[in-house]
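As structure tokens, the structure follows; a few thoughts come after it.
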Amino acid sequence: DYGAQVRIVSQCHCLGAVTELLETCPYVHEVIEEPWAPPSHELGQRWNSVDADGYIPIGRDDLLYQAGVRTLNLRSPSIYLTDAERDYVSGLGSHRPCIVAQPYAGLSDRDAFDIASLTRLAIDLNDLDPNAVLLVIGRNHERGHKYNQELCPEVLRNVTNLIDRLNIRVAYSLVAQCDAFVGAHSNLIRAAWDHRRRTALVIPDPM
């Protein structure tokens, strides 16, 4: 928070994700999402130049200094949760051990789970520890080559179906605070690694 207007420009293969990630953050004033494009010399120049509206790239210390920013303290960003979201995450994670599963990948040919395998996982967890809870996250929306619906067994005592019920911020925060994570999708696998969660990466044959 330097008393300046902050604009985020994103080029992502999943349009809408960055806006959802940042929509409650009080320090971000505008988000512009563009289709993904491969790195190029032209893009490199764009990200290193003042844009038409006068926004200064974060890497141009010389221009930021001229604009009055004397010290720029960069640190790893954290996900900004509203008070209600923070309470919701705390409530979901209050039962331990808490295992978060994102059983479906972004593409159906990478999905490593189905209802039957999720049911077996939940039963095995219950046999290991009757107190263990399994939070199943995911989202059904239009994506290329996504033809299988993401589903969760509803009848098991230790399973909570959160598919299509969470935004990205809450899902990420659950992974960051859980006891273990099992999944097939790269984004939250990376989140689990970053937060040193016990992690099982599950991918289908023949991958």
Could you pull out all residues at least two apart from Ser49 that satisfy side chain to side chain contact (heavy atoms under 4.5 Å, CB included)? none
In terms of heavy-atom contacts, Ala17 and Ile168 come closest through O-CD1, 3.6 Å
Pairwise distance CD1(Ile137) to CD(Glu150) - rounded to 0.5 angstrom: 10.0 Å
Contacts of type salt bridge (Lys or Arg N to Asp or Glu O under 4.0 Å), residue Asp124, not counting sequence neighbours: none
Under the rule for side chain to side chain contact (heavy atoms under 4.5 Å, CB included), what residues qualify as partners of Ser40, not counting sequence neighbours? Glu42, Leu43
Measure the shortest side-chain to side-chain distance between Leu135 and Leu92 over non-hydrogen atoms and say whether it is less than 4.5 angstrom. yes
Side-chain donor or acceptor of Thr24 paired with backbone N/O of Tyr80 under 3.5 Å: yes
Contacts of Arg198 meeting salt bridge (Lys or Arg N to Asp or Glu O under 4.0 Å) (sequence neighbours excluded), chain-then-number -> none
In chain order, what residues pass the salt bridge (Lys or Arg N to Asp or Glu O under 4.0 Å) check against Asp179, with sequence neighbours excluded? Arg96
Ring pair (Phe, Tyr, Trp, His ring centres under 6.0 Å) pairs touching residues 113-134, sequence neighbours excluded, are none
Begin from the C-alpha positions of Leu134 and Thr160 and carry the test side-chain contact (heavy atoms from CB on, under 4.5 Å) through to its verdict. CA-CA 6 Å; Leu134 183 66; Thr160 300; over 6 Å; no
Where the side chain of Arg197 meets the backbone of Trp193, is there a donor-acceptor pair that is under 3.5 Å apart? no
Leu125 vs Asp129, test: side-chain contact (heavy atoms from CB on, under 4.5 Å). Steps then yes/no. CA-CA 6 Å; Leu125 283 173; Asp129 188 337; over 6 Å; no
In terms of hydrophobic clustering (I, L, V, M, F, W, Y; side-chain heavy atoms under 4.5 Å; direct or indirect links), are Ile56 and Trp47 co-clustered? no
Please examine the side chains of Leu188 and Phe181, heavy atoms only from C-beta on, and report whether any two atoms are closer than 4.5 Å. yes
Side chains of Ile79 and Leu21, heavy atoms from C-beta outward: is any pair under 4.5 Å? yes
Side chain to side chain donor-acceptor pair (under 3.5 Å) partners for Asp164, two or more places apart: Asn140
Is a side-chain donor or acceptor of Ser90 paired with a backbone partner of Asp87 at a separation under 3.5 angstrom? no
Measure the spacing between CD1 of Ile99 and CG of Asn158 and express it to the nearest 0.5 Å. 8.5 Å
Could you tell me if the side chain of Asn131 sits less than 4.5 Å from the side chain of His95, heavy atoms only? no
Measure across Cys98 and Gly93 and return the closest heavy-atom pair with its distance rounded to 0.1 Å. SG-CA, 4.4 Å
State, to 0.1 Å, how close Pro103 and Ala184 come at their nearest heavy-atom pair, and which atoms those are. O-CB, 3.9 Å
Value rounded to 0.5 Å, distance of CZ in Arg60 from CD in Gln66: 8.5 Å
Sequence neighbours left out, what passes ring pair (Phe, Tyr, Trp, His ring centres under 6.0 Å) with Tyr172? Give chain and number order. His195
Check this for me: does any side-chain nitrogen of one of Glu34 and Arg46 sit under 4.0 Å from a carboxylate oxygen of the other? yes
Any donor-acceptor pair under 3.5 Å linking the side-chain atoms of Asp114 with those of Ser117? yes
Considering only residues two or more places apart or on different chains, which pairs with a residue in residues 4-20 satisfy salt bridge (charged side-chain N to carboxylate O under 4.0 Å, His left out)? Arg7-Glu30, Arg7-Asp51, Arg7-Asp53, Glu20-Arg139
Transitive ILVMFWY side-chain link Ile123 to Val136, under 4.5 Å: no
Same hydrophobic cluster for Leu151 and Val159, using side-chain heavy-atom links shorter than 4.5 Å among ILVMFWY? yes
Rounded to the nearest 0.5 Å, how far does CG of Leu162 lie from CG of Leu174? 7.0 Å
Could you name each residue pair satisfying salt bridge (charged side-chain N to carboxylate O under 4.0 Å, His left out) that touches residues 183-193, not counting sequence neighbours? Arg190-Asp194
Hydrophobic cluster identity match, Ile115 and Val202, side-chain contacts under 4.5 Å: yes
Euclidean distance, Asn126 CG relative to Leu156 CG, rounded to 0.5 Å: 9.0 Å
Main-chain N/O of Gly59 paired to Asn48 side chain as donor or acceptor, under 3.5 Å: no
Under 4.5 Å between any side-chain heavy atoms of Tyr88 and Leu81, yes or no? no
Heavy-atom pair of closest approach, residues His29 and Pro26: NE2-O, 4.5 Å
By salt bridge (Lys or Arg N to Asp or Glu O under 4.0 Å), which residues pair with Arg120, not counting sequence neighbours? none
Distance in Å, Ser10 OG paired with Ile32 CD1, rounded so as to fall on 0.5 Å steps: 10.5 Å
Look at the side-chain heavy atoms of Ile, Leu, Val, Met, Phe, Trp and Tyr, link any pair under 4.5 Å apart, and say whether Val9 and Val6 land in one connected group. no
Which residues pass the side chain to side chain contact (heavy atoms under 4.5 Å, CB included) test with Thr19, sequence neighbours left out? Val31, Glu33
Would you please test Asn167 and Glu85 for side-chain hydrogen bond (donor to acceptor under 3.5 Å, both in side chains) and show each step? CA-CA 10 Å; Asn167 61 43; Glu85 289 170 342; 2.9 Å; yes
Would you name the heavy atoms of Cys152 and Ile163 that are closest together and state the gap between them? CB-CD1, 3.9 Å
